[in-house]
Structures are given as structure tokens and as C-alpha cells.
There are 2 protein chains.
Amino acid sequence: MLTKKELIEYCRNARENYLPHFSIDCVVFGFHEGIMKVLLLQVKNEGEWYLPGGFMLKKEPIEKAANRILKERTGLDKIFLQQFHVFGDPERSKAHFEMYKDMLPASQNWFTNRFLTIGYYALVDFIYANPTRDVLSVSCTWRDLHDLPELKLDHALILKTALDTLRLQLNYQPIGYNLMPKEFTMPELQKLYETILDKKLDRRNFQRRMLGFGILNRSEQPRKGGAHKAPYLYSFNQENYQAALKEGFKGGW
Amino acid sequence: MLTKKELIEYCRNARENYLPHFSIDCVVFGFHEGIMKVLLLQVKNEGEWYLPGGFMLKKEPIEKAANRILKERTGLDKIFLQQFHVFGDPERSKAHFEMYKDMLPASQNWFTNRFLTIGYYALVDFIYANPTRDVLSVSCTWRDLHDLPELKLDHALILKTALDTLRLQLNYQPIGYNLMPKEFTMPELQKLYETILDKKLDRRNFQRRMLGFGILNRSEQPRKGGAHKAPYLYSFNQENYQAALKEGFKGGW
DNA sequence: TACAATTGTGTCCATAATACACTATGATTT
DNA sequence: AAATCATAGTGTATTATGGACACAATTGTA
């Protein structure tokens with residue numbers, strides 16, 4: 001929670017630089033070796049948590065704002081980002097900023113504004129991220145998807161919608177380019193899918209389907225030095241991968 | 001184009017009632033007997049056209065605003081509406097309102113605001129609609145999807161995105177409830193799909209797949225009086241239809 | 001009564017999805 | 001050195017699905 005002095009400064013700055021009534025909230029899914037986490041911030045002087053988010057500069061493209069916010073919270077650039085929904089219930093931010101409502105008259109109080117939030121989800125490898133809190137929080141950390149704390153506002157809904165959208169997206173879009181190392185094995189890629197979907201897949205069928213998409217190149221040299229049979233290494237075929245991102249995988253009708 | 005007096009009044013009203021920087025644009029697809037049209041408005045004193053749109057009241061839910069806007073333009077209620085994307089290029093509305101920029105100082109001029117627009121698409125049967133122009137237009141009419149005029153702003157992009165989304169949606173969501181009469185024949189329903197996808201489908205395969213979704217009830221009585229073999233009548237099974245809307249059709253992974 | 005137009009109902013075939021088994025490799029254990 | 005274990009690669013039988021296609025049934029019209 002901000003002090004009155006901080007609040008005044010925060011609001012002055014926000015009113016000067018940001019587009020009013022808009023916020024961006026990012027559901028940042030972090031993956032690594034079969035673990036899936038979500039980046040969350042903990043509210044100052046409260047137990048509750050919220051999604052990384054922020055506001056849009058007056059002349060800033062939305063996508064750029066989302067990237068900037070993510071850069072601030074994770075230090076990462078060029079990450080996979082996907083706009084998925086706008087949440088606009090008129091009451092959605094009311095309860096959240098109750099605490100500030102008596103400190104400043106409503107006309108000057110940024111937080112008493114109605115906010116519509118544009119939801120983005122991002123996919124990153126969490127070992128490369130450097131979680132950094134914002135001024136309203138005491139900490140910024142990766143939380144296990146299966147053990148989420150209570151979330152403020154409508155952030156639980158936003159998170160669930162993001163996850164549903166991501167899982168749906170798996171059916172007709174390639175993913176993984178930003179999540180896998182340059183070269184990876186088929187079992188490693190499978191683990192990513194299993195983690196997102198939260199279920200086991202059949203090794204052999206996964207491989208056949210994945211290869212069928214035509215977005216992988218198999219390297220000549222298998223990985224050496226492991227404790228077991230050397231697996232083949234794959235990398236994404238950029239050309240086909242990008243094409244698949246645009247076109248989607250299956251015809252449907 | 002508005003006169004100066006009209007503009008002043010328009011801006012005063014807008015500033016008082018609407019949430020600044022937000023607009024809603026609706027891609028209204030109208031269907032009837034194998035024809036697919038889009039509802040467009042023609043700018044006053046100009047040849048160009050734009051999508052039906054509007055603004056959000058300060059305390060209005062987004063969805064409600066979209067419904068209100070559609071009710072104003074078509075007279076229709078309870079239509080299928082789907083939010084699909086936010087368009088937020090900072091320059092997107094600049095050129096459009098050039099004409100008003102000298103009439104009022106920017107601080108009072110609603111139209112010199114930056115607007116982000118929330119895209120909705122709607123599906124209606126156009127014979128039930130009553131197209132009604134707004135104050136910025138000279139006419140509001142159904143235009144053939146295959147013979148579209150030049151569109152202002154980024155409305156061509158919005159329209160294309162809506163169409164792409166709709167076609168994708170056909171793969172995992174039922175549609176037609178608001179577009180078909182209460183009872184309809186399989187060929188009639190097929191025509192709707194063919195119209196949306198702009199391609200021919202095989203009668204027999206369509207029927208099999210459609211029935212496989214389990215969202216149709218077949219009536220005992222076939223339709224009488226036609227010039228040919230009496231077709232069976234179907235209606236949507238509300239329970240299954242609603243469930244399919246939520247759950248989606250196929251498993252994928 | 002033949003015909004045209006339309007609808008209903010298969011059937012065959014290729015492809016894709018699923019379940020499942022065997023072989024291969026490299027390190028570790030005995 | 002042989003046995004073992006964990007992991008990886010590949011194949012095959014079975015089932016489900018999707019696409020192409022043919023024929024029978026019904027109804028009004030020529």
C-alpha cells in the first residue's frame with residue numbers, strides 16, 4: 001500500500017503519462033523441465049496476489065505496452081505474447097483500490113477510475129527471467145500453477161481464461177520456439193506439451209503427430225553424454241514454424 | 001460530416017457520458033438463404049464506409065454497450081455477439097477525423113482522442129434487421145461480402161480479422177441458433193456453413209458430421225408442400241448446444 | 001408416365017488416432 | 001564381461017474419422 005505522498009505522486013505521474021481507463025494484465029506462464037509456473041506479485045501489506053500488469057503510455061501501441069510491462073517484470077525481451085480478451089466489468093477494480101479511495105478526491109485519484117484490462121498471455125522459460133516487483137507489491141515470484149494463492153480483482157478469471165485459450169491454441173498453432181533451447185529432444189518437447197495440458201501423452205503418437213506438422217528439423221548428430229541411449233536433437237524449422245503460426249495446423253471444415 | 005454546432009454538441013455529450021478513448025466496432029454478418037452480407041454505414045459527404053460502432057457509457061459493461069450499439073443499428077436484440085480483438089494502433093483514428101480537427105480545440109474535441117476499439121462480431125438474419133444510420137452517416141445498409149466498398153480507418157483489417165475468427169470458430173463451436181428458423185432442414189443448415197466458409201461442402205459428409213455433434217433434434221414430421229422430396233426438420237437441442245458452446249467440439253490433444 | 005430436382009442413406013477407401021511391443025544404446029551393477 | 005536399468009527409436013494392429021461417391025425415395029411437372 002502506498003503512503004499518501006506516494007499516492008499523490010503516483011497519480012500525478014499516471015495522469016500525465018498513461019491513457020486513462022486502460023490497463024494491461026499479463027498471464028506469464030513460465031516453463032522449465034516439466035514445471036509450469038505463473039508470475040505473480042504480492043500486494044504490499046496484504047496477503048493477496050495479482051497478475052503483472054500496468055498501463056499504456058498515451059501514444060504507445062498496446063502490444064508495445066505489454067512488452068514493456070513484461071520487460072519490467074522479467075527482464076525479458078521478445079517473448080511470445082498473445083492478446084486474448086478484454087475484461088471490462090464496471091465493478092471489476094472497485095474493491096481492489098478501496099484503500100486509496102479516501103486519500104485523494106476521486107477526480108485526482110487514478111485508482112478510482114474504471115479500468116478495462118486487456119489480457120495478454122506470455123510463454124517464457126522461467127530460468128531466464130529475473131522477477132522484479134513493482135511499486136505496489138512486496139514481491140514478484142513464480143508460483144506453481146497447481147498451488148495458486150488467492151488472487152485479487154478478477155485475476156483468477158483472467159488466469160483461467162488465459163489457460164483455456166492457450167490449451168485451445170495448442171490445437172492449431174505451433175508453440176515452443178521461445179520455450180525450448182535451440183536444440184532439444186522429442187521427449188523434452190513432449191514434456192512441454194504435457195505440462196501445458198497437465199496430462200500424459202503417448203510418446204510414439206506424440207512424435208508421429210509432431211513430425212507430421214513439418215515444423216521440426218532433425219539434426220544429424222544425436223546428443224551424446226547422457227546416461228542412456230543418445231536421443232536425436234531437433235530444432236524448429238523457422239520457415240515452416242512461422243507459416244504455421246499464421247496459417248494454423250488443421251483444416252477443419 | 002457534422003456542422004460546427006453539431007460537433008460541439010456531440011463532443012459535449014460524448015465527454016459527459018462516454019468512457020474516453022474506447023470505442024466498440026461491430027462486424028455484423030447478415031445471413032439469409034445463402035447470402036452473406038455485412039452491415040456498413042456510409043460517411044456523410046464522402047464516399048467511404050465504416051463499420052457500425054460507438055462508445056461505452058461510463059458505467060456500462062462492454063458486452064452491454066455492444067448490444068446497445070447493435071440494437072440502435074439493427075433494431076435487434078439478443079443476437080450472437082463475440083468479442084474477438086482489440087485494435088489499438090495509436091494512429092488508427094487519426095486520418096479519419098482530420099476534418100474536425102480545426103473546429104474545436106483538441107482538449108474539447110472528442111474525435112481527436114486516441115481510440116482503442118474493441119472488435120465484436122455478430123451473426124444475424126438480415127431479413128429481421130432494420131438498418132438505421134447514425135448521426136455521422138447518410139446511410140446504413142447491408143453490403144455483399146464479395147463486393148465491399150473501401151473502408152475507413154482500420155475497418156478493413158477489423159472485418160478480415162472477424163471473418164477469420166468466425167471461420168476458425170466453426171471448427172470448435174456450434175453456430176446457427178440465431179440464424180436459422182426454429183425448425184430447419186439439413187440442407188438449409190449446410191447452406192449457412194457454405195456461405196460462411198465460401199465453399200461447397202459434401203451433403204452426406206456434412207450431415208454425418210453435424211449429427212455427430214449431437215446438438216440437433218430431428219422432428220418426427222418432415223416438411224410437406226415442397227416441390228420435392230419432403231426433408232426432415234431439425235431444431236437445436238438447447239441443452240447440448242449450450243454445452244457445446246462452452247466446451248467446444250473436439251478434443252484435439 | 002417419364003423426368004427433373006431434391007433428399008435420405010449408405011459404402012468404400014485413405015488417412016489419422018489409439019493402444020501397445022519390441023529393439024537399441026549407454027551407463028551402472030555384479 | 002554379462003546382466004541390468006533407464007531411456008530412446010521404431011513398427012504394427014485396430015479403431016475412428018473424413019472424403020469421395022452411388023443409389024434409392026419422394027414430389028411436382030412436362
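This is a predicted model, so every value here is computed, not measured. Letters go in sequence order (proteins before strands), and every chain restarts at 1.
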Next item on the list: Mind checking salt bridge (charged side-chain N to carboxylate O under 4.0 Å, His left out) for Asp154(A) and listing every partner two or more places apart, or none if nothing turns up?
Entry: Arg92(A)
Item checked: Pairing residues for Thr195(B) by the side chain to side chain contact (heavy atoms under 4.5 Å, CB included) criterion, not counting sequence neighbours -> Phe31(B), Met36(B), Lys191(B)
Notebook entry, point to check: What's the CZ-C1' distance between Phe213(A) and dA16(C), to the nearest Å?
Noted result: 11 Å
Note to self: Please check: side-chain N/O of Ser219(A) versus main-chain N/O of Tyr234(A), any donor-acceptor pairing under 3.5 Å?
What the structure shows: no
Margin query: According to side chain to side chain contact (heavy atoms under 4.5 Å, CB included), who are the partners of Arg204(A), at least two apart in sequence or on a separate chain?
Written below: Asp202(A)
Notebook entry, point to check: What integer distance in Å separates Met210(A):CE from dT10(D):P?
Noted result: 16 Å
Item checked: Counterpart residues, ring pair (Phe, Tyr, Trp, His ring centres under 6.0 Å), relative to Phe115(A) (two or more places apart) -> Phe55(A), Trp110(A)
Next item on the list: Please identify each residue that fulfils side chain to side chain contact (heavy atoms under 4.5 Å, CB included) with Glu91(B), with sequence neighbours left out.
Entry: Asp89(B), Lys94(B)
Notebook entry, point to check: How would you list all residue pairs meeting side-chain hydrogen bond (donor to acceptor under 3.5 Å, both in side chains) that involve residues 122-132 of chain A, not counting sequence neighbours?
Noted result: His32(A)-Asp125(A)
Margin query: Can you measure Arg203(B) atom CZ to dT11(C) atom C1' for me and round it to whole angstrom units?
Written below: 15 Å
Next item on the list: Take the C1' atoms of the five end pairs on each side of the helix from dT1(C)-dA30(D) to dT30(C)-dA1(D), get both axes, and report the angle to 10 degrees.
Entry: 30°
Item checked: d(NZ, Lys200(B); C1', dC21(D)) in whole Å -> 17 Å
Next item on the list: Using salt bridge (charged side-chain N to carboxylate O under 4.0 Å, His left out) as the criterion, list what pairs up with Lys152(B), not counting sequence neighbours.
Entry: Glu46(B), Glu48(B)
Next item on the list: Using a 4.0 Å cut-off on protein heavy atoms (strictly under), produce a 5'-to-3' string for nucleotides 11-16 of chain D with B for base contact, S for backbone-only sugar-phosphate contact, and - for none.
Entry: BB----
Check: Which pairs count as side-chain hydrogen bond (donor to acceptor under 3.5 Å, both in side chains) when at least one residue sits in residues 139-151 of chain A, sequence neighbours excluded?
Finding: none
Next item on the list: Nearest whole angstrom, please: distance from the P of dT18(C) to the CZ of Arg209(A).
Entry: 7 Å
Expected rows: protein N/O vs nucleotides 5-7 of chain D N/O, under 3.5 Å:
unit_1 : atom_1 : unit_2    : atom_2 : d
dA6(D) : N3     : His228(A) : ND1    : 3.2

Item checked: Whole-Å distance separating the OH atom of Tyr232(A) from the P atom of dA24(C) -> 13 Å
Note to self: Do Ile158(A) and Phe87(A) have side chains that approach each other closer than 4.5 Å (heavy atoms only, starting at C-beta)?
What the structure shows: yes
Notebook entry, point to check: Could you state the CG-C1' distance from Leu233(A) to dT25(C), rounded to the nearest angstrom?
Noted result: 15 Å
Note to self: Just the rounded figure in Å: distance from C1' of dG9(D) to CD of Gln207(A).
What the structure shows: 7 Å
Please output the side-chain donor-acceptor pairs of residues 74-81 of chain A that fall under 3.5 Å, not counting sequence neighbours, one pair per line with the distance.
unit_1   : atom_1 : unit_2   : atom_2 : d
Thr74(A) : OG1    : Leu70(A) : O      : 2.6
Thr74(A) : OG1    : Leu76(A) : N      : 3.0
Asp77(A) : OD2    : Lys71(A) : NZ     : 3.2

